[in-house]
Student: 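First, the structure itself, so that you have it in front of you.
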Amino acid sequence: MDLPKNLTFVDLETTGGSITFDRIIEIGILQVRDNKLTKTFETFLNPDRALPPEITTLTGIQNSDLEKAPSFFDIQEEILIYFEDTVFVAHNARFDYGFLKQEFLRYGNKFSQKQLCTVKLSRLLYPEHRHHNLDSI
């Protein structure tokens with residue numbers, strides 16, 4: 001199986017699991033073109049609300065980390081560039097993609113990318129393995 005030449009790897013942390021109500025609090029992006037890392041981006045994002053304690057416990061991110069961080073609105077144009085002519089790649093891509101799509105939609109922008117889920121890819125390549133989380137693969 002050949003992978004696409006242009007890939008954008010994404011990892012998000014959020015205030016919870018609902019794309020309707022929760023917000024992105026951290027985003028990391030790696031852009032790969034022709035098998036070479038070409039751009040990276042990472043930042044905390046201010047969700048304009050307090051973090052639930054369980055999210056702080058899970059991620060280690062504190063409210064104080066987010067107070068002076070930009071909002072998604074502030075960075076949306078900058079990060080759109082990372083997705084030009086690339087495939088969106090994430091571990092459990094549906095989660096990360098759904099959150100990004102919803103954030104862009106909040107500000108009237110469309111976000112539509114081909115997706116590659118590394119969980120699904122791992123299951124396809126290694127069906128004999130029971131676990132396909134990041135630690136396992």
Student: If we only count heavy atoms from C-beta on, is the Arg33 to Lys5 side-chain gap below 4.5 Å?
Tutor: no

Student: Give me the atom names and distance for the closest heavy-atom approach of Glu13 to Asp11.
Tutor: OE2-OD2, 4.2 Å

Student: Does any non-hydrogen side-chain atom of Leu7 lie less than 4.5 Å from one of Thr86?
Tutor: no

Student: Taking Leu58 as the starting point, is it possible to reach Leu51 by hopping between hydrophobic residues whose side chains are less than 4.5 Å apart?
Tutor: no

Student: How many angstroms lie between CG in Asp96 and CZ in Phe9, if you round to the nearest 0.5 Å?
Tutor: 13.0 Å

Student: Over all heavy atoms of both residues, which pair between Phe44 and Ala69 is shortest? Give the atoms and the distance, please.
Tutor: O-CB, 3.5 Å

Student: Is there side-chain contact between Asp48 and Ser71, with heavy atoms separated by less than 4.5 Å?
Tutor: no

Student: Looking at Tyr82, is its backbone amide N or carbonyl O close enough to the side chain of Gln31 to form a donor-acceptor pair, meaning the two atoms are under 3.5 Å apart?
Tutor: yes

Student: As an exercise, state the distance from CG of Asn35 to CG of Leu37, rounded to the nearest 0.5 Å.
Tutor: 11.5 Å

Student: Ignoring hydrogens and angles, tell me if any N or O in the side chain of Asn109 forms a donor-acceptor pair with the backbone of Leu105 under 3.5 Å.
Tutor: no

Student: Side-chain donor-acceptor pair under 3.5 Å between Glu67 and Asn46, yes or no?
Tutor: no

Student: Are more than 12 heavy atoms from other residues, nucleotides or ligands located less than 6.0 Å from atom CZ of Phe73?
Tutor: no

Student: Side-chain contact, heavy-atom cut-off 4.5 Å: Ile79 with Ile29?
Tutor: yes

Student: Over 60° means perpendicular and under 30° means parallel, so tell me whether Phe88 and Phe111 are parallel, tilted or perpendicular.
Tutor: perpendicular

Student: Should we count CD of Glu54 as having more than 12 external heavy atoms under 6.0 Å?
Tutor: yes

Student: Can you tell me how far apart CG (Leu12) and NE2 (His91) are? Round to the nearest 0.5 Å.
Tutor: 13.5 Å

Student: From Lys101 NZ over to Gln113 CD, what is the distance, rounded to the nearest 0.5 angstrom?
Tutor: 10.5 Å

